[in-house]
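Data first, discussion second: the structure below is written as structure tokens.
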Amino acid sequence: MKEMSDLNLPADVKYTKDHEWAKLSGDIVTIGINDYAQDQLGEVVFVELPEIGDTFSQGDEFGSVESVKAVSEIYIPISGEIVEINEGLEDAPELVNTDCYNDGWLIKVKPENTSEMDNLMDKPAYLDMLKG
Amino acid sequence: MRYLPHTKEDIETMLKVAGVSSIDDLFLSIPDDLKTKDGIDIPEGLSEWELDTHMEELASANIASKNYKYFIGAGSYDHYIPAIIPYLISRSEFMTAYTPYQPEVSQGTLQGIYEFQTMITQLLGMDVATASHYDCGTALAEAALIALKKNKKSNKIAVSALTHPSHRQIIQTYISPSGYEIVEIPYTKEGLTDINALKDMDDIAGIAIQSPNFFGNIEDLKTFKVVADEKKILFITSFTEALAYGLLKNPGSFGADLVAGEGQSLGISKSFGGPGLGLLAGTKKQMRNLPGRYIGKTKDANGKEGFVLTLATREQHIKREKASSNICSNNGLNAMVAAMYLATVGKIGIREIAQQNHDKAMYLKKTLEKAGFESVFDTPFFNEFILKAPAGFKQKRIGLIKNKYIFAGICLDPFYPELKGHYLFCATETVSKNDIDQLAKEVQ
Amino acid sequence: MIQQPGTSGLVLNEALLWDKSRDGRCAISLPKQDVDRATLDDSLTGDIPDLPQLSELDVVRHYTRLSQWNFGVDTGMYPLGSCTMKYNPKTNEVQAARKGFAEAHPLAGDEFSQGSLKLMYNLERYLAELTGFEAVTLQPAAGAHGELTGMLMMHAYFAKKGKQRSKIIIPDTAHGTNPASAALCGFEPINVKSGPDGILDPETIAAVMDEDTAGIMVTNPNTLGLFESNIKKIADIVHSKGGLVYGDGANMNAIMGIVKPGEIGIDVLHLNLHKTFSTPHGGGGPGSGPVAVGKRLEPFLPVPRVVKELDSYKFITDCPETIGKIHTFYGHFGIMVRAYAYILSMGAKGLLDTSRLAVLSANYIKESLKGTLNLPYDRPCMHECVFNDEIQQKNHITTVDMAKRLLDYGFHPPTIYFPLVVHGAFMVEPTESESKEDIDQFIDAVKAIAKEAKEDPEKLRKAPFRTKVTRLDEVTAARKPCLKG
């Protein structure tokens, strides 16, 4: 397990208490799990994602991430409709471990209301939460 | 008692180490008022020889202790079991091992079940097969639950009236607490599931068709696939006689999404109905929806090929209440038997035995018709079929069982009251022409 | 130092079946064709399944070699906690193989199946007597299937009362099957923690038990190997709110003849014939999971039920409140024969001694290894004891490393990482069948491994060395599933 100081937590994304990240660019939000979550889970072997067109409200469970002996539910940081899922994860779920903010993203959402982003934490707030 | 190795001295030493003066002291955490006052009213232990006598007495009280000829099936079939199978499966490394959670010392079970999965996919033409279930009925109930849970719009599953009556009851038991329902698809005068009735059914989450069906008739699975596709729902097939697919087109070739079956015919003794072998297979798309164990191939730290239990995250010990099924075992030893059987008969044997089952059943049907039985359906079947019996057969049949060691047909009255006086017959490779002629003579 | 059983020996490689296949071989004696060939229409006939083609000796060697890669109870000590890996008597196999049982057709009819029916009837009576209940069904095919049956009966009970309940209390020490079985019947599991002493506190239950809760599922002795001594109080709390107590009897091996669950407030209990009653585990099944109930739940038992009338036995299905059928026929009859033979061989005294000695052996191991391994709950245990790797963590050695190293010493490892309430759990259940000498060897092996953990931790992390394969890549197996050849 990584030490707190070793965690890769970019400053240009927002975080949830369940360790997802979200990044708004244009009118689309890209979502994944963060470095802390992937480190805790260990080697990811499967990612269960929703279907394009499904809609969720902020905080809803939208899928799960599996390691060999654990399953973690993942919760959506913002309300909206799924417009894209990362199909590359089907053959290469390890991207969630190796590159969780880029190639290891999970879903893209067309948000209902971008102001919901304000409910999420920025890096310092998230770090404070981790430190408890 | 010969199973208990502790000597008096052992017990004394062990008590000393445990820091107590008597075994009773080890049970002090149980409050006295919770301990039973009555002891247990079970007879004194028998010697091995007394046990043999008692058990043989019970076994002899079953007519199966005699050399019977079985012209009955209905989910439990009489087939030859090669001598090597009971011999090999008795190897205690197979029999006395637990679930292969420590793969380094379980490669025998693991490779054996991997080979089983492979041969079942070949038999059924499916992409994946699990490491087995309890029996066909419970496997089919699991398949029905998959269809129901995946479909958010409907809470009903359409099940053919010609699915084994017990299987329909099991589905009912499994699904009703969740508020799901069965709709029964009626059958036609040809003894087949009524596809037109199915077409009219709206609001269903899946279709389950048994083929060969309970009457023995071969269903036209491809037409049901068309309906399932039109309705965008899962197509489930089932079967009770696994050897049928040594001859018939397999369910995979008709586009089944899920297949549940009974594998008892594959080298497993009838054993009064259990343990049998539940088979469950699916398309690749259904791989993660199927409940139960899978064995997968991988490599060890030195690059050597080996096998492990895999995709365990679907299972109850990880997902707990979110698991789709609570299944926590498989009928592993019987799956191993089935694998041994399939390896023994091989490509040549499976077709020849399956063909002979069909040949004998055709001959039996023809011969009984000559002896006064009435044909009911003119539909292709595998090794079971229905005939209407002539008057007086009911009594004759009992006489045959009691005096001639012949089991001739299963009466359908309790299962299909509308088919009064109809009997379900079966012939396998274990009956000879002579046996069939003998039966015909007796019932004439 | 006692000589350890583990050593190296010749292990043979064996290819997959289809790699050995040669066109034209067949290992079965084909019956003679004595009737006309009947050809099915082409549209119905399929391609021949591409099964391997082998000779009889090919098949015999294949499975003989495979068997030699396995470790079973007959090979050596198998102290797998919560699984009761006791000796599987060979006479049981002889009894189940008797022609009158093995060839019995399930639809032969009651009149012609009196031996099977009598055996089932007697076995039901013996299990009812052992557990203190009124009635038993033998139909469930496994422990988890028994749990499902029990939950279905509870569901039916509340349905009949006219008000279904939506929740069920499940302690943190429960097997994963408990919440999964409950969920299948629509009950939402309410998880409760056991107290600091490892057992349930009645106050905890009182705080969550209400009139929308169907009851509680309790394993007793629990999976920490401790007896739930407050069980009667807990049952009273649950009953006072109209609920029912489900007992998971997986650990019945600790209390036969000592506690009858039916007398201490349990309403429904499943047993595992493949644990307590010595039937073989078979590499994962088939097992058998009978369910015992009191008068209140008896009407809901699955059908058919076996009844005795004068001196004969029959199946009845006319039970209006039954939950229905849960197996195609009557359950795993072949397993019932074995368990019945076991009970008759042991007799009342033998069964009582079994539990007493199983508990003695577990306590002996607990005291002998305390200090070598950390013991999170240091109190008298029942038939199993739970350690963990807290001491070895200092050297970055975990439970799995010690478990793998035990293989080299010739032992099957204990259950690891369960129960979940103990971090890094190492759960030892010796059973009554192991002799003091074998247990001493095991204790010695664990001590030697603890020493290695300090002196040569790197070695432990690479163990095992003497097995046919070493640690397998489970990550790749799950990422790129290869489920057939």
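Because only heavy atoms are used, hydrogens play no part in the values below, and waters and symmetry mates are left out as well, while side chains stay in. Order of the sequence lines sets the chain letters (A, B, ...), proteins ahead of strands, with each chain counted from 1. Just so you know, these numbers come straight off a predicted model, no measurement behind them.
Between C/Lys436 and B/Pro5 the shortest side-chain heavy-atom distance does not fall below 4.5 Å. The closest side-chain heavy-atom distance from B/Gln111 to C/Leu16 is below 4.5 Å. Using a 4.5 Å heavy-atom cutoff, the side chains of C/Gln53 and B/Ile348 are in contact. In this structure, C/Tyr126 and B/Ile40 have side chains that are not in contact, with every pair of non-hydrogen atoms separated by 4.5 Å or more. With contacts defined as side-chain heavy-atom distances shorter than 4.5 Å, the pair B/His358/C/Leu40 qualifies. Under the 4.5 Å side-chain criterion, counting only non-hydrogen atoms from C-beta, B/Asn331 is in contact with C/His332. Considering only heavy atoms from C-beta on, C/Ile343 comes within 4.5 Å of B/Ile42 through its side chain.
Taking every heavy atom of both residues into account, B/Tyr70 and C/His105 meet most closely at CE2-CB, 4.0 Å. The two atoms that bring C/Gly283 and B/Asn330 nearest to each other are O-OD1, 4.3 Å, heavy atoms only. When every heavy atom of C/Val60 is checked against every heavy atom of B/Leu88, the shortest pair comes out as O-CD2, 3.7 Å. Residue B/Ile84 comes nearest to C/Val59 through the heavy atom pair CD1-CG1, 3.8 Å, listed as atom of the first residue, atom of the second, then distance. What you find for B/Asn62 and C/Ala104 is that their closest heavy atoms are ND2-CB, 4.0 Å.
C/Gln33 and B/Asp359 share a donor-acceptor pair across their side chains, judged by distance under 3.5 Å alone. Judged by distance alone, the side chains of C/Thr470 and B/Asn302 never bring a donor and an acceptor atom under 3.5 Å apart. For B/Gln102 and C/Lys404, the side-chain atoms include at least one donor-acceptor pair closer than 3.5 Å. C/Glu432 and B/His6 are not linked by any side-chain donor-acceptor pair at a separation below 3.5 angstrom, with hydrogens and angles left out of the test. Side-chain contact of C/Gln95 with B/Asp52: a donor-acceptor pair under 3.5 Å is present, judged by distance alone. Counted by atom type alone, C/Thr328 and B/Asp135 present one or more donor-acceptor pairs between their side chains at under 3.5 Å. With 3.5 Å as the limit, one finds no donor-acceptor pair spanning the side chains of C/Glu474 and B/Thr310.
Taking the centre of each ring, C/His145 and B/Tyr134 come in below the 6.0 Å mark. Proximity of the aromatic rings of C/Tyr78 and B/Tyr98 is defined here by a centroid distance below 6.0 angstrom, and this criterion is not met.
Here CG of C/Leu44 is found 9.0 Å from CG of B/Leu247. Values are rounded to the nearest 0.5 Å. The CG atom of C/Asn70 lies 3.5 Å from the OG1 atom of B/Thr109; values are rounded to the nearest 0.5 Å. Note that CG of C/Leu344 and CG of B/Leu51 are 6.0 Å apart. Values are rounded to the nearest 0.5 Å.
For C/Ala341, the parts lying under 4.5 angstrom from a heavy atom of chain B are both the backbone and the side chain. Heavy atoms closer than 4.5 Å to chain C are found in the side chain of B/Pro82, but not in its backbone.
Under the salt bridge (charged side-chain N to carboxylate O under 4.0 Å, His left out) criterion, C/Lys232 pairs with C/Asp236, sequence neighbours left out. C/Lys468 is linked by a salt bridge (charged side-chain N to carboxylate O under 4.0 Å, His left out) to nothing, counting only residues two or more places apart in sequence or in another chain.
Checked for salt-bridge contact, C/Arg98 and B/Glu56 meet the test: a charged N lies under 4.0 Å from a carboxylate O. Using a 4.0 Å cut-off between charged nitrogen and carboxylate oxygen, B/Lys347 and C/Asp50 count as a salt-bridge pair.
Contact tally against chain C (heavy-atom pairs below 4.5 Å) for B/Pro380, B/Gly332, B/Ser65, B/Ser271: the top residue is B/Ser271. Chosen from C/Leu226, C/Thr476, C/Leu407, the residue pairing most often with chain B at heavy-atom distances under 4.5 Å is C/Leu407.
A distance-only check finds a donor-acceptor pair linking the side chain of C/Lys260 to the backbone of B/Gly39 [under 3.5 Å].
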- [ ] Could you please spell out the steps behind the side-chain hydrogen bond (donor to acceptor under 3.5 Å, both in side chains) verdict for B/Ser90 and C/Glu93?
- [x] CA-CA 9 Å; B/Ser90 302; C/Glu93 300 304 315; over 6 Å; no

